[in-house]
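All chains are named by letter (A, B, ...) in the order of the sequence lines, taking the proteins before the strands, and each is independently numbered beginning at 1.
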Amino acid sequence: MKTVIIKYNAGNVQSVMYALDRLGAGYIYTDDEDEIRTADKVIFPGVGEASTAMSYLREKGLDKLIPSLKQPVLGTCVGMQLMCRYSEENNTTCMGIFDVDVQRFPATPGYKVPHMGWNNIFDYTTPLTQGLPDDAYVYFVHSYAAPVCEYTVATCEYIRPFSAMLHKDNFYAAQFHCEISGHVGQQILHNFLTL
Amino acid sequence: MLTKRIIPCLDVKDGRTVKGVNFLNLRDAGDAVELAAAYAEQGADELVFLDITATVEERKTLLELVHRVAHTINIPFTVGGGISSKADVSALLHAGADKVSINSAAVRNPDLINELALEFGSQCIVVAIDTRYISLGEGMPEEHIVHTHGGRKPTELRTIPWAKEVEERGAGEILLTSMDSDGTKNGFALELTGTISANANIPIIASGGAGTMDHFREVFTTGKADAGLAASIFHFHEIDIPDLKNYLRDHHLPMRMTN
């Protein structure tokens, strides 16, 4: 099996590579179109800021390539947000795989933004959460989130409910960092790799 | 619900944990990787490694250690100690650290915080603040003053405005250590932690003074901390993490339960 981690200016993606190492899964880290197209699984990670990331994807043509992929694709964190239609973060038009707009958490007394740390997810309806206990805890770091929508397959709540995971056809996405979310995150990655 | 985090801190030198550790069931209690894995299994929410070495050779050992830790544990971990440049941070993140913690270098050159946040993202930049309640000179009132060099050397920075400044410069979290409380086991510096946390939009990790499970309850309620860090009480089994988490959950604090 060939797993590709898409290479772009997405900050520190080392943690994703180490997580795959821990699972004993090989991977290629590349932005090469042929390598990506011929992969069995594609992971689209992301840490950083939406508009800079989108400009880079456009420059490399990845903004067209990613939505055209047919194999299972997993976007995480900012990767997930870039798969949505639009992000309020610097007014960014994104790839539009998921027809939903990413919004900043509203300033709310008693809540810090970013939402950072371990929070529980619920209402799972995706093969990626198979084998997880109810209310599994995963690690989040983000100030923007997609609201609950028709593609939501796991929900989390911080200030208000938001999409912890999205799924449409071959596209999967997680707002949290599977790679450092303990056994839960490891299970999700394993489920994705064995889809 | 977003949980409060429990963070054991491991002092490492030459790739091994220093300060005695007293973990049964470990082949080698000094092996930082094995200890880290044990804490992760017990339900630690995150780990902090504090490198107390100085030489370049030893820094290389640290990178090897970070690499091994990253291959072993599946929870976030922060590495701190002696970090003073983008190159240091890049090397540590590359080796697999999820976050780095800077302390004296941020005091010497506050712009470093901005540069690191811009280059690597705020989420991986922790600013550690060591603070002591002292008078800066004769006739001057006692105040919370930032210290460097392991808390030995006072600066001219006042702790509360400095905490705000590091946030504005792009720090993703603050690791606040009260040197007055550190090692006392009399509890965290609740008032100062509470003031800083209420004033901050980034998480505050409280450190220094934990001696009982109730000290953690206090620092999460009165102290409004987002995370509590301790070292020896965990290393010496004075408090076990599963017991601590059960205790805090029973006191209505949101905890990530793993077992």
Side-chain angles (χ1 to χ4, degrees), chain A residues 9-24 46-49 52-53 77-78 105 107-122 133 135-143 156-159 176-190, chain B residues 1-7 37 40-41 43-47 66-77 89-100 117-126 167 172-173 197-205 224 226-227 254-259:
Chain A
N9 63 336
N12 177 31
V13 299
Q14 296 295 328
S15 304
V16 177
M17 300 183 190
Y18 286 111
L20 294 187
D21 287 344
R22 287 195 302 271
L23 285 167
V47 184
E49 190 274 321
T52 319
C77 198
V78 175
F105 284 116
T108 308
Y111 290 89
K112 294 177 180 180
V113 176
H115 170 222
M116 183 167 194
W118 296 86
N119 203 337
N120 61 307
I121 57 174
F122 50 91
D135 283 317
Y137 282 93
V138 289
Y139 190 85
F140 289 91
V141 187
H142 61 130
S143 299
C156 181
E157 191 163 347
Y158 188 70
I159 300 175
F176 47 89
H177 290 269
C178 310
E179 67 276 12
I180 45 175
S181 288
H183 294 309
V184 170
Q186 211 154 310
Q187 180 73 49
I188 291 170
L189 283 174
H190 171 81
Chain B
M1 213 174 162
L2 183 66
T3 64
K4 300 292 187 183
R5 285 174 275 157
I6 302 295
I7 307 180
E41 276 311 306
D45 295 307
E46 205 162 323
L47 297 174
V66 170
H67 186 81
R68 285 197 295 137
V69 170
H71 270 113
T72 308
I73 68 167
N74 52 22
I75 57 170
F77 71 100
V89 173
S90 175
L92 286 166
L93 294 179
H94 205 79
D98 298 298
K99 310 177 193 178
V100 295
L118 194 67
E119 176 96 12
F120 305 103
S122 289
Q123 81 290 335
C124 64
I125 307 301
V126 181
E167 175 181 345
E173 283 177 287
S197 191
N199 208 8
N201 219 348
I202 54 176
I204 306 298
I205 304 165
K224 302 182 180 68
D226 300 280
M255 283 285 128
R256 164 183 167 255
M257 308 307 291
T258 49
N259 298 313

For B:Thr72, is there any backbone N or O sitting under 3.5 Å from a side-chain donor or acceptor partner on A:Arg22?
no

B:Leu2 and side chain to side chain contact (heavy atoms under 4.5 Å, CB included): which single residue from A:Tyr111, A:Tyr158, A:Tyr137 fits?
A:Tyr158

As an exercise, state the distance from NE2 of A:His177 to CD1 of B:Ile75, rounded to the nearest 0.5 Å.
15.0 Å

Bottom line for A:His142: the part with an atom under 4.5 Å from chain B's heavy atoms is neither

Should A:Gln14 and B:His67 be marked as a side-chain contact (heavy atoms from CB on, under 4.5 Å) after you check the CA-CA gap, both sets of side-chain angles, and the distance that decides it?
CA-CA 10 Å; A:Gln14 296 295 328; B:His67 186 81; over 6 Å; no

Quick one: which of B:Pro203, B:Ala198, B:Ala40, B:Gly121 has the most heavy-atom pairs under 4.5 Å with chain A, could you say?
B:Pro203

For A:Met17, does the CE atom have more than 12 heavy-atom neighbours from other residues, nucleotides or ligands under 6.0 Å away?
yes

Which atom pair, heavy atoms only, marks the closest approach of A:Tyr18 to B:Gly96?
CE1-CA, 3.3 Å

What part of B:Leu118 gets within 4.5 angstrom of chain A, counting heavy atoms only: side chain, backbone, both, or neither?
neither

Close side-chain approach of B:Phe77 to A:Ser15, heavy-atom, < 4.5 Å
no

Side chain, backbone, both or neither: which part of B:Ser122 has a non-hydrogen atom closer than 4.5 Å to chain A?
neither

Is B:Asn74 reaching over with its side chain to a backbone N or O of A:Ile180, donor-acceptor style, under 3.5 angstrom?
no

Which residues pass the side chain to side chain donor-acceptor pair (under 3.5 Å) test with B:Asp226, not counting sequence neighbours?
A:Lys112

Name the option with the most non-hydrogen atom pairs under 4.5 Å to chain A; the candidates are B:Gly172, B:Ser90, B:Ala95.
B:Ala95

Nearest atoms (heavy-atom pairs only) where A:Met116 meets B:Gln123:
CE-O, 3.8 Å

Sorted by chain and number, sequence neighbours left out, side chain to side chain donor-acceptor pair (under 3.5 Å) with B:Thr3 holds for none

Determine whether B:Arg5 and A:Tyr139 satisfy the following criterion, side-chain contact (heavy atoms from CB on, under 4.5 Å), listing intermediate values before the conclusion.
CA-CA 11 Å; B:Arg5 285 174 275 157; A:Tyr139 190 85; 4.1 Å; yes

